[in-house]
Protein chains: 2
Amino acid sequence: MVKYRDGEKMLDALGLPLRRSMVRRLWHGGAMSLSKLAAPYELTLPAALKHLRVLEDSGIVKSHKRGRVRVCIYNPSALKELGGWLASHSAFWESSFDRFEAIINKKKKN
Amino acid sequence: MVKYRDGEKMLDALGLPLRRSMVRRLWHGGAMSLSKLAAPYELTLPAALKHLRVLEDSGIVKSHKRGRVRVCIYNPSALKELGGWLASHSAFWESSFDRFEAIINKKKKN
DNA sequence: CCTATACTTTACTTTATGGTAAAGTATCGG
DNA sequence: CCGATACTTTACCATAAAGTAAAGTATAGG
């Protein structure tokens, strides 16, 4: 089961057009190596790896090493769950609101 | 009817924790003025206005002037539609993929 | 009217993060 | 083994976007 914390991470991850495009590539083209994933963009491998890590950390993408190749795979269930939450706009917004407000209030001087 | 283009804008808008918090405030606390919306954060009014504009442009939030006060309102249907798309991961990903790839390919020299 | 309020605009400054190059590590293929 | 390949790490840079201050506009209230 995914938690609302992952919802936040997913929204952060999807906040960049480039990363959304990478997700689409994986969703469209199936599993592929990091190099192949990065190929259409004017990106060095380190940059592509950084973005992959953000996507992986959010749960939208999975990856594993097969020899010297990093195989990247789209994880449909992650966005399906995020979508479910947004559609019903319930648990996700409620709980993360409280967390965020707590931080903000601590920061303010009153 | 909202288009997939708005889905892109919504994801861009929700890509910042601060803006997500603002959406939660409006969802939680109902309609409020820009000043009241901005109050919990260490933000000047111009900065808050910028973020409001991004949210408004995406359709997640609506606003109108009532005298000298800008009243901000959460629009539940926007995120509901985005959620529906993500949950069914179909139209949104398909169509915006083509658009984005076209731009990328034009940029690359081959 | 006159002052205060509530933005809004303009013209910047600052900083976070997206990007790179270069060197390092691990695996493959002959 | 040995060179080539496919990342990975480290250290740094460049800029877009988030932020500000200051001045401008419009409305409210006495």
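Naming: A, B, ... by sequence-line order, numbering from 1 per chain. Values reported hereafter were calculated over all heavy atoms of this structure, with side chains retained and with hydrogens, waters and symmetry mates removed.
What separates CG of A/Leu18 from P of D/dA17 is a distance of 14 Å, to the nearest Å. Taking atom CE of residue A/Met22 and atom C1' of nucleotide C/dG18, one finds them 12 Å apart after rounding to whole Å. Atom-to-atom, CG of B/Leu55 to P of D/dA17 comes out at 16 Å; the value is rounded to the nearest Å. Computed from coordinates, the B/Leu49 CG to D/dT25 P distance equals 17 Å when rounded to whole Å.
Both B/Leu45 and A/Arg19 lie close to DNA chain C; mapped to their nearest nucleotides by heavy-atom distance, the more 5′-ward contact belongs to B/Leu45. When each of B/Arg53 and A/Leu16 is assigned the nucleotide of DNA chain C bearing its nearest heavy atom, the one mapping closer to the 5' terminus is B/Arg53.
The residue B/Leu34 sits close only to the backbone: its heavy atoms come under 4.0 Å of sugar-phosphate atoms, none of a base.
No donor-acceptor distance shorter than 3.5 angstrom exists from the side chain of A/Asn75 to the backbone of A/Lys62, with no hydrogens or angles considered. A donor-acceptor pair is defined here as one N or O able to donate and one able to accept, closer than 3.5 Å; such a pair exists between the side chain of A/Arg20 and the backbone of A/Leu14.
Between D/dT20 and B/Thr44, a contact under 4.0 Å exists linking OP1 or OP2 to a side-chain N or O. The phosphate of D/dA17 has neither OP1 nor OP2 within less than 4.0 Å of any side-chain N or O from B/His51.
Residues of residues 59-72 of chain A that place a heavy atom closer than 4.0 Å to DNA chain C, in numerical order, are A/Gly67, A/Arg68.
When every heavy atom of B/Leu45 is checked against every heavy atom of B/Ala38, the shortest pair comes out as CD1-CB, 4.3 Å. In this structure, B/Tyr41 and B/Arg25 approach most closely via the heavy-atom pair OH-CD, 3.1 Å. Contact detail for B/Pro17 and A/Asp12: the closest heavy-atom pair is CD-OD1, 3.8 Å.
With respect to B/Ser58, the side chain to side chain contact (heavy atoms under 4.5 Å, CB included) criterion is satisfied by exactly one of B/Arg53, B/Lys9, B/Glu8, B/Arg19: B/Lys9.
Taking every side-chain heavy atom of B/Lys50 into account, D/dG19 is the closest of D/dG19, D/dT8, C/dT8.
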